[in-house]
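Taking it in order: structure first as structure tokens, then the write-up.
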Amino acid sequence: MSRLVVVGSQWGDEGKGKITDYLAQKADIVCRYQGGNNAGHTIMFDGKKFALQSIPSGIFNPHIINVIANGVVLNPKSMLEELKMLEDKGITDYQLRISDRASVIMPYHIMLDGAMEELKGANKIGTTKKGIGPCYSDKTSRIGIRVGDLLDADFFASRLKEALMIKNLELKMYGLEQLDFDSIYNEYLEYGKKLSSFVCDTSELLNQAIKEDKKILFEGAQGVMLCIEHGTFPYVTSSSPCAASVPLNTGIAPKYVDNVLGICKAYTTRVGSGPFPTEIAGDLAHTIRERGHEYGTVTKRPRRVGWLDGVVLKHAVKVSGVNNWSLMLFDVLTGIDELKICTGYKLNGKEIDYMPGTLSEFEKCEPIYITLPGFNEDITHVRSYEELPQNAKNYIKKIEEITGVDVAMFSVGPDRLQTIIIKEVF
Ligand code: GDP
Ligand code: IMO
Ligand code: MG
């Protein structure tokens with residue numbers, strides 16, 4: 001139990017930040033392994049609220065080393081703003097390390113993200129417009145710039161020249177302004193200087209920590225259904241939140257990753273476009289959205305809302321090796337007479353209990369539900385499993401039965417204290 005991966009098991013915003021912060025009390029290291037400032041991880045304690053985008057959720061504990069690993073795409077400007085935000089709120093005593101191999105989000109990535117979305121029109125992904133997709137594309141096209149490059153003026157100049165040669169052609173294609181080498185070069189060199197004290201070989205750091213049997217939490221962003229490989233492609237993000245990406249994205253061996261906590265909202269939400277079989281509309285959706293404050297942390301967009309989807313959860317178990325659940329926002333379900341859980345889909349007249357591989361098939365899936373009696377009690381003050389109303393216990397049991405995975409903890413409010421452990425996982 002020395003290492004644990006915290007994975008979003010739906011379409012993101014399940015409460016990963018809250019649980020990472022909670023479990024971080026016992027960790028030596030917290031490591032973000034993918035995504036960038038498209039993420040918004042909310043943490044609340046002592047009456048204070050924080051929304052982190054790129055900084056790992058262990059940052060509030062001075063004894064913890066917070067690592068931004070090689071698999072992350074980093075916007076240095078937004079990173080410095082995030083650090084300033086923490087400083088303004090009195091968080092000045094922290095340990096942060098940034099991988100020299102992490103990719104840098106450049107101004108043209110943000111411009112191209114917006115331009116591509118506009119061009120796609122009705123088929124747009126609904127991205128956060130933070131340049132995530134174009135940055136990961138440049139990494140695989142081998143014209144990306146890495147954090148370490150910013151620290152070497154001559155090398156950075158040659159990398160940026162090459163990138164701009166190609167990117168200015170792309171920008172022209174979209175009818176966008178051409179970018180000037182000098183201003184980007186000087187601006188990013190300056191960011192490099194400001195961040196240089198945090199930059200190191202984080203793979204080396206993590207491997208050393210493993211040798212010393214240090215406790216490491218790996219914090220995913222997004223969720224399995226937004227995974228570039230196993231999500232609802234193309235309506236996904238451009239990295240993989242699955243636990244399998246931890247070794248590659250952090251530079252440790254796969255054998256060190258075997259304990260995966262799936263973060264699961266008691267219902268489902270999605271921001272952005274794409275299929276969502278259990279989506280609901282009308283008064284109930286409105287009630288859940290308002291009660292759960294279901295508005296994007298990063299983009300403030302209202303989140304789409306739906307019933308819990310057991311097929312999605314089983315998919316997360318299968319492709320990301322979830323071996324325990326943390327059930328989140330359970331309190332939001334209070335007062336709903338009947339609770340539905342999707343256990344399968346109807347596809348072309350047949351019943352299936354897995355997620356089909358193609359978008360065209362997934363779009364046709366109709367949910368098959370079971371209905372459970374709801375609970376009316378306010379559970380925000382519950383501090384043990386035993387205190388839960390019987391119908392809430394039944395809901396937990398049903399999730400365990402459908403997925404074959406234990407609910408090890410649950411959450412009844414946004415505060416750190418509103419976290420209840422059924423079984424220790426870390
Ligand atoms: P993340 O991206 O997975 O870290 O999740 P977000 O922070 O984007 O969204 C989760 C939202 O739910 C945040 O506003 C949290 O403060 C809030 N939250 C987390 N757990 C609970 C809970 O158990 N109950 C309620 N009511 N809110 C919660
Ligand atoms: P956290 O870590 C919810 C969604 C976007 C869009 C799609 C692609 O807070 O759970 P991108 O900007 O990544 O190219 O957008 O992915 N998305 C998220 N949805 N939570 C997130 O992060 C998300 N990060 C990206 O809304 O549909
Ligand atoms: Mg979020």
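Atoms within a ligand are numbered from 1 in the order they appear, just like the ligands themselves.
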May I ask you to decide whether K84 forms a salt bridge with E87, counting only side-chain N to carboxylate O separations under 4.0 Å?
->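 So K84 does not pair with E87 through a salt bridge.
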Residue [X] excluded, over 12 heavy atoms near [atom1] under 6.0 Å:
X	atom1	value
D283	CG	no
E118	CD	no
Q390	CD	yes
K172	NZ	no
H286	NE2	no
Y295	OH	yes

Please could you name the atoms of ligand 2 that [X] approaches to less than 4.0 Å, counting only its heavy atoms?
X	result
I125	8 (C), 27 (O)
G126	5 (C), 6 (C), 26 (O), 27 (O)
A39	1 (P), 2 (O), 9 (O), 22 (O)
A221	2 (O)

Ligand 2-proximal atoms of [X], by part, heavy-atom distance under 4.0 Å:
X	result
K130	neither
V236	backbone
K16	side chain
W11	backbone

Distance-only polar pair, side chains of R101 and S99, donor-acceptor under 3.5 Å |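 Their side chains do not contain a donor-acceptor pair, so the 3.5 Å distance test is not met.
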Between K18 and S411, does any side-chain donor sit less than 3.5 Å from a side-chain acceptor?
->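 A pair is found: one side chain offers a donor N or O, the other an acceptor, under 3.5 Å apart.
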[X]-ligand 2 polar pair, N/O distance under 3.5 Å:
X	value
H41	yes
D13	yes
G12	no
N38	yes
S238	no
L226	no

For ligand 1 and [X], I'd like to know whether there is a polar contact (N/O to N/O, distance under 3.5 Å).
X	answer
R291	no
V332	no
S411	yes
G17	yes
M44	no
M328	no

Identify, for [atom], the protein heavy atom at the shortest distance, and state residue, atom and that distance.
atom	value
atom 2 (O) of ligand 1	G40 O, 2.8 Å
atom 24 (N) of ligand 1	D331 OD1, 2.7 Å
atom 27 (N) of ligand 1	L329 CD2, 3.4 Å
atom 27 (O) of ligand 2	V271 O, 3.1 Å
atom 13 (O) of ligand 2	T237 OG1, 2.6 Å
atom 15 (C) of ligand 1	T42 CB, 3.9 Å

Could you check whether the rings of F330 and F375 sit parallel, tilted or perpendicular, using 30° and 60° as the cut-offs?
->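 Rings of F330 and F375: perpendicular, over 60°.
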R301 heavy atom under 4.0 Å from ligand 2 =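 Flag set, R301 near ligand 2.
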Could you check which of R303, Q53, K18 puts a non-hydrogen atom nearest to atom 11 (C) of ligand 1?
->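 Comparing heavy atoms across R303, Q53, K18, the nearest one to atom 11 (C) of ligand 1 lies in R303.
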Mode of D13 contact toward ligand 1 - side chain, backbone, both, neither (heavy atoms, under 4.0 Å) =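 Both parts.
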Mind checking whether I216 and Y256 have side chains closer than 4.5 Å, heavy atoms only?
->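 When only atoms from C-beta onward are counted, Y256 and I216 do not touch, as no gap falls below 4.5 Å.
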Minimum side-chain heavy-atom gap Q34-F218 below 4.5 Å |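 Q34 vs F218: side chains apart.
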Is ligand 1 less than 4.0 angstrom away from at least one heavy atom of G413?
->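 Per 4.0 Å heavy-atom rule, G413 contacts ligand 1.
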Is E14 in contact with ligand 1, taking contact as a heavy-atom separation below 4.0 Å?
->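 It does, in that a heavy atom of E14 comes within the 4.0 Å cut-off of ligand 1.
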Under 6.0 Å from the six-membered ring centre of F426 and within 45° of its axis: does the NZ or CZ of K215 meet both?
->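 Relative to the ring axis of F426, which defines the angle, K215 lies inside both limits.
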Can you tell me how far CG of N75 sits from CG of N37, rounded to the nearest 0.5 angstrom?
->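 Result: 5.0 Å between the selected atoms.
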